[in-house]
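To find a chain, count down the sequence lines: A is the first, B the second, and so on, and within it residues start at 1. All heavy atoms count here, side chains included; hydrogens, waters and symmetry mates do not.
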Amino acid sequence: MELAPVVDLVRDAVTGFLQSLGLPAFVIDMVLALISASLIAGFMAVLALAFVWVERKVSAHIQNRLGPMRVGWHGVLQTLADALKLLQKEDIRPAAADRWIWWWAPAVSFIAVFAAFIAVPFGEGLVVRDFNIGVIYIVAITTFGVISMLMAGWGSNNKYSLLGGFRSAAQVVSYEVPMILAILSVVMVAGSLSMMSIVQAQEGTMLGFIPNWFIFRHFPFGLIAFIVFMIAGTAETNRTPFDLPEAESELVAGFATEYSGMKYAMFYLAEYSAMYVMAAMGTVLFLGGWHGPFLPSWLWFAAKTVLLVCVLIWFRWTFPRLRVDQLMELSWKFLIPVAFINLLAVGLWSVL
Amino acid sequence: MTGESLAFYGLAFMLVGASILAVSVRNVFHAAMYLILALFAVAGYFVLLNAEFLAAVQVLIYVGAVAVLVIFAVMLTTRLTDARVRAHNEQVGAGLVVAVAMFLAIVMAMWSTSWPISDAAPAVDNVRTLGRMLMTRFVLPFEIASVLLLAAMIGAIVIAAKETGPPQSEEST
Amino acid sequence: MSQYAYLVPFWPLLGFLIIAFWANRHHQFAAKLATTMIGISWVMSLVILWETLHAEQPLEMTFTWMALPSMLTKAGWTLSMGVLVDPLSALMISFVTTVSLMVHIFSLGYMHGEKYFSRFFEFLNLFTFSMLGLVLVNNYFGLFIFWELVGLTSYLLIGFYYEKWTASQAAKKAFITTRTGDLGMAIGLLIMWTTAGTLQFNEVFAAVDSGVLSGTTLTVMALFLFGGAVGKSAQFPLHVWLPDAMEGPTPVSALIHAATMVVAGVYLVARSMPVYMASEAASMVVASIGLITALMAGSIGLVQNDIKRVLAYSTVSQLGYMIMALGLGSLFAGTFHMFTHAFFKALLFLGSGSVIHALHTNDIQEMGGLGRKMKITFWTWVIASLSIAGIPPLSGFWSKDEIVATAAHHPVFLVGTLVVAFMTAFYMFRLTFLVFFGEPRDHHKYDHAHESPLVMTGPLMFLAVLSVVAGFWGMPWLSHGFGHFITSGQGEHHTPSILLMAVATLVALCGIGLAYQMYYKKAWSPDALAARFQGLYRILYNKYYFDELYDVVFIRPYYVLCDLLWTFDMLVIDGLVNLAGWLGLAVAVMHNWFDKYIVDGLVNGSGYMFRGLGRSLRFVQSGRVQNYTFLVAFGLLLLVIVQIDLLTLLTRLFESTP
Amino acid sequence: MTLYQYLALATLVFCIGLFGVLTRRNAVAVLIAIELMFNSVNLLLVAFTRYISPDGLVGQLFAVFIIVIAAAETTVGMAIVLLVYRGFRGIQVDRIGFLKW
């Protein structure tokens with residue numbers, strides 16, 4: 001069952017109601033935006049709770065143990081319980097912290113990911129706003145995450161936090177380049193920056209049975225672009241093996257060292273949501289978005305994104321952490337050249 | 001009061017306020033934060049002016065790279081315990097006078113100019129048009145800009161890298 | 001390939017330039033580059049030699065280098081340059097590059113870790129270039145240029161360890177001594193130029209043939225020309241520099257002071273054979289000088305204790321041999337001995353280098369028993385020693401046999417030749433037994449000795465093979481052998497004399513046997529012999545007092561002359577100069593007054609003016625960026641104000657006010 | 001909204017940036033002020049595009065170039081600041097008078 005008609009119906013009803021109150025158009029737009037925002041915020045919270053649980057269970061099973069089992073069936077409510085605990089904790093502020101910057105850092109980190117959700121197409125017609133530059137929008141807006149980490153690192157007035165901030169900035173700026181290059185090869189084939197158009201460009205099949213997804217197109221260049229994208233995406237979301245900014249064995253908790261309670265939870269929320277955004281981008285760009293047989297589009301999209309999230313989790317529990325120099329070398333000496341050559345190859349393929 | 005003018009004045013408040021704070025606060029890190037706010041406001045103006053691509057580029061390049069670089073420089077050059085030094089030099093008065101005079105002069109000059117204002121509809125799909133222009137009429141500036149970036153990158157590395165020259169050959173005594 | 005012969009010296013020159021300008025600090029690269037360059041030249045020269053073997057006639061390429069206006073003739077003179085590829089030069093470049101390549105490879109190991117490793121290879125390349133150029137040019141003028149270039153590189157390489165006092169002294173000695181001979185050569189060339197009007201080899205020889213150059217003029221010219229050869233090839237009485245030149249690194253001794261540069265004199269005489277053949281007196285002088293040198297140097301070599309000096313005197317003696325053979329009119333014998341000698345003497349020097357490398361001493365009295373420790377060095381040394389001693393069928397035997405055969409017609413020369421052969425065999429095996437046999441005399445050094453690495457022993461083995469086989473080319477039974485080749489088929493051809501061969505071999509065996517008795521069996525004590533013939537021993541040990549003689553005859557008087565001139569300088573010339581100075585001072589005092597009060601007044605006045613101006617402008621240049629920026633902004637403000645269109649502005653203001 | 005409002009706004013930001021360039025002592029702060037000036041010019045160019053030649057886009061293109069140049073400028077500028085900091089242990093612009101010699 002497609003969700004888009006239902007959403008349209010609700011929106012029309014709300015719009016009609018507001019118009020009957022005689023409000024000006026931009027006020028109605030704002031109210032609608034507020035409703036979407038709260039929906040997304042709720043969705044994000046649920047998502048993060050679910051993924052934390054998934055991660056703990058998957059990691060447990062990878063390591064041949066059970067993971068949380070006590071709260072709820074197979075521990076499904078464990079994360080909720082943890083969140084409640086965090087909510088009750090005292091909010092400790094270091095005495096020497098740069099107060100405002102310290103306060104704003106988790107908020108900016110949350111806002112950056114939150115804003116990215118606006119352009120994610122959760123299914124056919126299921127998107128808050130289909131920007132005509134959607135892909136670049138998401139890439140651009142998520143860079144605020146770096147700022148938030150730098151803010152947290154500076155504001156905490158703690159050397160571990162500062163080092164974590166430095167590392168994250170260097171890492172994210174470096175890995176943005178191969179990621180954008182990998183995205184560009186898709187954008188070049190699709191001929192559009194809009195998320196919807198990119199998904200639509202992947203409709204149908206090749207040779208009758210291979211889905212017309214970019215991962216399969218221009219074999220093997222689509223696949224290479226996907227691999228580069230996934231590596232760079234893992235680094236962008238600061239997850240293992242690229243979790244240097246918060247490497248617990250070196251920097252306690254990196255930029256989040258001085259945070260506690262709800263602010264700490266906010267960083268967690270942002271991290272897991274960013275993971276989802278990355279998976280959603282991967283799905284849209286390479287795995288055909290919502291396309292798929294039999295099932296409704298939003299279910300296909302959800303399935304693909306969850307699959308990619310599971311791949312990210314699998315990475316985390318499989319690979320050891322890199323050293324800083326290895327991290328930089330991987331990006332500048334391997335991924336960027338590969339991505340460039342791949343881009344060139346795709347371009348030549350498209351032209352010839 | 002339309003939505004557009006509301007957005008304009010809201011962003012103007014944000015931009016001007018952030019700019020003034022960016023050049024006046026003592027803490028350079030805070031100044032960088034206000035700079036980011038101002039950059040974000042400019043990106044908002046770009047959206048208002050039908051330049052969505054430029055807005056995205058503004059956020060991507062300015063916030064994602066330039067501002068990060070500025071914050072890096074702040075972190076590397078200023079110690080956390082900021083010494084109590086003057087934030088401004090002794091030509092504050094003269095600078096203020098020149099800035100205000102400049103503002104008045106430019107505004108007057110602009111007002112006294114007749115601008116050929118056009119009523120044509122703004123271009124849609126300007127990403128495609130921009131790309132095409134970059135690759136045809138403006139291909140030379142485009143290439144030069146890329147060379148400039150490369151030169152800047154190498155130059156920055158050369159300037160900022162620590163001296164690690166070849167080992168000094170031992171001189172005969 | 002022969003038409004590209006000018007490329008043969010080009011490669012080492014290229015190597016020299018690259019190392020000199022760009023690769024001075026990259027030691028390993030420089031060494032490998034230099035070796036590679038020589039390798040290319042080597043391959044090229046082998047191809048050229050092969051082509052020349054089958055060539056109908058010599059290949060000559062000439063171009064006009066400069067045209068000189070002349071006061072004497074209307075046409076003026078032209079100076080040509082060019083390349084001559086004939087059997088002699090093809091032979092020369094092939095063995096020069098061969099030995100040079102071997103020495104380069106050897107040096108990779110021998111010089112390893114030197115402070116000026118790359119400079120060594122740079123100089124070696126420059127030398128190889130010069131030497132190749134020397135043998136390839138087709139006129140005396142170019143030959144003279146390269147002649148001086150090899151002299152220069154020889155100087156540089158002898159003084160390679162210039163921090164060492166003796167090395168720098170030896171370098172200067174070598175340079176000045178050879179220059180003395182070169183002065184003679186220059187005079188000879190001037191005579192040639194004024195009488196024949198050309199310096200081209202073939203034109204000079206044509207002039208000799210046609211009688212333009214003849215009689216006393218020819219003899220004098222030939223003798224002056226021979227002066228150069230005497231200096232460069234260390235012939236009596238200018239031989240004194242060569243033993244001292246052993247201060248240079250051993251590979252240099254092998255390349256320059258044994259195999260190649262010192263045979264330049266031999267080459268000069270060989271090249272000028274038609275000139276010497278035309279003058280009975282000149283060739284007789286040449287032959288006599290050769291014999292005297294051979295006897296004298298050989299006898300000195302009998303008693304020396306420095307391994308390299310013994311080899312140096314051996315070289316001088318062998319060079320005397322070659323010169324003598326050429327003076328006796330046998331181009332074949334002289335050049336053939338030069339050819340074979342290059343290989344076994346280079347081998348001996350490299351072998352001594354290997355020994356020195358292992359022991360860090362030059363003194364043979366501290367060596368002994370090394371044959372057990374350094375197998376390859378030992379066996380190659382033995383091959384070379386047998387070869388130089390003239391034991392059949394090694395290469396030295398064949399070439400020495402040719403010299404003996406040449407000398408057979410003159411009783412004095414025949415006896416002298418055989419005596420030299422005997423002495424050669426004796427001192428070579430004296431060295432061999434002292435160094436490689438018996439018990440070690442210095443156990444500390446012996447225990448640290450070791451065989452050299454392959455990079456050093458490889459050239460030894462290669463040269464050993466050449467020392468064995470090179471002679472077969474010149475076997476007297478061959479109708480188209482070396483003699484046929486070098487004389488372009490028109491030269492003399494001795495009937496091989498088994499008797500002479502047997503005598504020469506016997507003499508050599510006697511020398512070896514004597515050395516065996518004295519230094520291996522210790523049947524006759526060398527010390528006792530030295531004690532009995534004390535006077536002779538002392539003369540020989542002090543090298544016939546040549547250095548002291550020169551010191552008394554030339555150097556001391558020169559110092560006295562210098563003292564005299566210095567005194568003259570001090571008293572007369574300085575007096576004049578001082579007088580002029582005093583006069584100048586008097587004038588200056590007058591000028592001073594004028595300057596101080598009139599000229600300075602003007603200058604100071606303008607100075608004060610500019611100082612005042614500068615003080616007022618100083619604030620513009622504070623050195624602070626922001627002050628400058630302020631000025632820029634101010635200027636911008638003025639520009640903007642100019643841009644305001646007041647009329648329109650006022651109109652608009654009044655329009656919009658209501 | 002008219003062009004004049006954008007012109008006035010951009011001019012204001014430009015002059016604020018100018019003030020910062022003229023008066024801030026910290027070199028990084030000077031660079032921040034320079035970024036402000038760049039941005040005001042970008043804003044101006046985009047406004048011109050919108051109001052003078054909406055279908056031409058040349059102004060936007062130049063804004064792109066200016067962003068590129070600003071990135072290059074910041075890169076080199078920050079490198080110089082780091083170098084100066086290393087050599088002088090401080091980045092007070094008015095202390096660094098070595099341009100005078």
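Options Ile157(B), Leu150(B), Val100(B), Ile117(B) differ in how many heavy-atom pairs under 4.5 Å they form with chain D, and the most are formed by Ile117(B). Listed options Ala12(B), Pro141(B), Ala101(B) were ranked by heavy-atom pairs under 4.5 angstrom with chain D; first place goes to Pro141(B). Chain D forms the most heavy-atom pairs under 4.5 Å with one residue out of Leu130(B), Leu48(B), Ile106(B), and that residue is Leu130(B). Here Pro116(B) is the residue among Gly155(B), Ala151(B), Pro116(B) with the most heavy-atom pairs under 4.5 Å with chain D. For the set Thr74(D), Ile52(D), Val30(D), the count of heavy-atom pairs under 4.5 angstrom toward chain B peaks at Ile52(D). The most heavy-atom pairs under 4.5 Å with chain D, out of Leu96(B), Val107(B), Val57(B), come from Leu96(B). When each of Cys15(D), Ala70(D), Gly20(D) is scored by its heavy-atom pairs under 4.5 Å with chain B, the top score falls to Cys15(D). Your options are Ile69(D), Ile80(D), Leu9(D), and the one with the most heavy-atom pairs under 4.5 Å with chain B is Leu9(D). Put simply, of Leu39(B), Ile61(B), Ile144(B), Val92(B), the one with the most heavy-atom pairs under 4.5 Å next to chain D is Val92(B).
For a residue to count as touching a neighbouring chain, one of its non-hydrogen atoms must lie under 4.5 Å from one of that chain's; by this rule Leu83(D) touches chain B with the side chain only. Neither the backbone nor the side chain of Leu31(D) comes within less than 4.5 Å of any heavy atom of chain B. Only the backbone of Ser24(B) comes within contact range of chain D, judged by heavy atoms closer than 4.5 Å. Only the side chain of Ala38(B) comes within contact range of chain D, with heavy atoms under 4.5 Å apart. Within the 4.5 angstrom heavy-atom criterion, no atom of Leu45(D) approaches chain B.
Within the 4.5 Å cutoff, side-chain heavy atoms of Leu43(D) are placed close to those of Leu49(B). When side chains are defined from C-beta on, Trp111(B) does not count as touching Leu7(D), because their heavy atoms never get closer than 4.5 Å. Using a 4.5 Å heavy-atom cutoff, the side chains of Phe65(D) and Leu134(B) are in contact. For the pair Phe142(B) and Leu61(D), the minimum side-chain heavy-atom distance is 4.5 Å or more.
Residue Val58(D) comes nearest to Phe138(B) through the heavy atom pair CG1-CZ, 3.9 Å, listed as atom of the first residue, atom of the second, then distance. When all heavy atoms of Leu22(D) and Gln91(B) are compared, the pair lying nearest together is O-NE2, 2.9 Å. When all heavy atoms are compared, the tightest approach of Thr23(D) to Gly95(B) is CG2-CA, 4.4 Å. Listed here is the closest heavy atom pair of Ala152(B) and Thr75(D): O-CG2, 4.3 Å. Residue Arg24(D) comes nearest to Arg26(B) through the heavy atom pair NH2-O, 3.9 Å, listed as atom of the first residue, atom of the second, then distance. Between Tyr4(D) and Met110(B) the shortest heavy-atom distance is CE2-O, 3.9 Å.
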Check step by step if side chain to side chain contact (heavy atoms under 4.5 Å, CB included) holds for Phe103(B) and Leu12(D). CA-CA 6 Å; Phe103(B) 175 67; Leu12(D) 187 56; 3.8 Å; yes
Test ring-ring contact (aromatic ring centres under 6.0 Å, His included) on Phe38(D) and Tyr62(B); report intermediate values, then the result. CA-CA 11 Å; Phe38(D) 270 123; Tyr62(B) 264 115; 7.6 Å; no
With side chain to side chain contact (heavy atoms under 4.5 Å, CB included) as the criterion, how do Met78(D) and Val66(B) come out once you've worked through the C-alpha distance, each side chain's angles and the decisive distance to 0.1 Å? CA-CA 10 Å; Met78(D) 289 307 163; Val66(B) 174; over 6 Å; no
Can you list, pair by pair, the side-chain donor-acceptor contacts under 3.5 Å of residues 14-22 of chain B, counting residues two or more places apart and other chains?
{"residue": "Ser19(B)", "atom": "OG", "partner": "Leu15(B)", "partner atom": "O", "Å": "2.7"}

Donor-acceptor contacts, no H, no angles, side chain residues 28-37 of chain B, under 3.5 Å, sequence neighbours left out:
{"residue": "His30(B)", "atom": "NE2", "partner": "Asp98(A)", "partner atom": "OD1", "Å": "2.8"}
{"residue": "His30(B)", "atom": "NE2", "partner": "Asp98(A)", "partner atom": "OD2", "Å": "2.7"}

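The structure places OH of Tyr45(B) at 14.5 Å from CG of Asn42(D), a figure rounded to the nearest 0.5 Å. Note that CD1 of Ile16(D) and CE of Met102(B) are 13.5 Å apart. Values are rounded to the nearest 0.5 Å. Between the CD atom of Gln60(D) and the CE atom of Met133(B) there is a distance of 9.0 Å, given to the nearest 0.5 Å.
For Arg50(D) (side chain) and Asn50(B) (main-chain N/O), no donor-acceptor pair under 3.5 Å exists by modelled atom type.
Residue Phe62(D) qualifies as open at atom CZ: its count of foreign heavy atoms under 6.0 Å is 12 or below.
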